[in-house]
Amino acid sequence: MDEGFFTRVYEAVRQVPSGRVTSYGAVAAAVGAPGASRMVGWAMNKSFSQPGFVPAHRVVNRSGMLTGKHAFPNADTMQELLKSEGIEVEEDVVVNFKEVFWDDFNLINS
DNA sequence: GCCCTGACGGGAT
DNA sequence: TATCCCGCCAGGG
């Protein structure tokens, strides 16, 4: 549809349930743009200006590192949000990343 | 209208 | 197995 590329990314990210995290690449692939993982992060940054809530804190890189924490009001906000959902975070990295990882996306029709 | 950057990822060395 | 480099798309200067 004409929904912007970002809008699709937001929909995909909203599919991530609480207590789970996903990677930029997984989201990119979910929106039909595998490889455009960078664009996903860009969309997340802009998501703060979006009306709908987007759990951007549930999106980390493939290493499970909170690379986007600096985009939050406070550098610890992202980590606190994750821990608040039951996700263990240490040194800005998701501890049980492999266990909380979630990629069962509902492929978005373009 | 061109060039560079940017919350990443995967392939090649 | 670890590290480096290039490619993805879009927005801003």
Side-chain angles (χ1 to χ4, degrees):
Chain A
M1 296 311 237
D2 302 329
E3 302 172 47
F5 190 86
F6 289 6
T7 305
R8 285 196 226 165
V9 174
Y10 301 147
E11 284 190 64
V13 175
R14 281 178 207 158
Q15 290 182 43
V16 182
S18 179
R20 296 290 175 201
V21 295
T22 189
S23 62
Y24 300 98
V27 176
V31 299
S37 46
R38 295 175 125 188
M39 181 49 34
V40 177
W42 204 301
M44 294 294 94
N45 193 351
K46 196 181 176 189
S47 72
F48 288 91
S49 298
Q50 290 295 323
F53 170 72
V54 181
H57 59 279
R58 292 178 197 156
V59 185
V60 296
N61 69 355
R62 68 174 187 176
S63 304
M65 189 178 193
L66 282 55
T67 47
K69 67 168 196 165
H70 59 79
F72 287 77
N74 289 315
D76 296 322
T77 303
M78 190 173 183
Q79 181 173 325
E80 287 299 308
L81 286 170
L82 289 171
K83 293 189 77 172
S84 192
E85 295 181 350
I87 299 173
E88 283 187 65
V89 179
E90 193 173 302
E91 295 292 304
D92 300 328
V93 179
V94 178
V95 180
N96 299 323
F97 176 61
K98 189 178 180 182
E99 296 182 29
V100 297
F101 181 72
W102 181 90
D103 68 339
D104 189 14
F105 283 104
N106 179 9
L107 279 259
I108 300 177
N109 267 328
S110 54

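Side chains are part of it too, since the values below use all heavy atoms of this structure and drop only hydrogens, waters and symmetry mates. Fair warning: this is a prediction, and the values are worked out from it, not measured in the lab.
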query: Between A:Gly35 and A:Trp42, who's closer to the 5' end of DNA chain C by nearest nucleotide?
result: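 The answer here is A:Gly35.
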Could you check which of [options] has an atom nearest any side-chain atom of [X]?
{"X": "A:Phe72", "options": "B:dA7, B:dG9, B:dG6", "answer": "B:dA7"}
{"X": "A:Ser37", "options": "B:dG10, B:dT5, B:dC8", "answer": "B:dC8"}
{"X": "A:Met39", "options": "B:dC8, C:dA10, B:dG10", "answer": "C:dA10"}
{"X": "A:Phe48", "options": "B:dG9, B:dA7, C:dA10", "answer": "B:dA7"}

Given atom [atom1] of [X] and atom [atom2] of [N], what is their separation to the nearest angstrom?
{"X": "A:Phe97", "N": "B:dC8", "atom1": "CZ", "atom2": "P", "result": "13 Å"}
{"X": "A:Arg62", "N": "B:dG11", "atom1": "CZ", "atom2": "C1'", "result": "10 Å"}
{"X": "A:Phe5", "N": "B:dA7", "atom1": "CZ", "atom2": "C1'", "result": "14 Å"}
{"X": "A:Arg8", "N": "C:dA10", "atom1": "CZ", "atom2": "C1'", "result": "14 Å"}

- request: Kindly assign one of parallel, tilted or perpendicular to the pair A:His57 and A:Phe53, based on the angle between their ring planes and the thresholds 30° and 60°.
  value: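 A:His57 vs A:Phe53 ring planes: tilted.
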Contact under 4.0 Å: A:Arg38 side-chain N or O vs C:dA10 OP1/OP2: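 It does not, given that no N or O in the side chain of A:Arg38 lies less than 4.0 Å from OP1 or OP2 of C:dA10.
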Euclidean distance, [Y] [atom2] relative to [X] [atom1], rounded to 0.5 Å:
{"X": "A:Thr67", "Y": "A:Tyr24", "atom1": "OG1", "atom2": "OH", "result": "3.5 Å"}
{"X": "A:Phe6", "Y": "A:Glu11", "atom1": "CZ", "atom2": "CD", "result": "14.5 Å"}
{"X": "A:Asp92", "Y": "A:Met65", "atom1": "CG", "atom2": "CE", "result": "6.0 Å"}

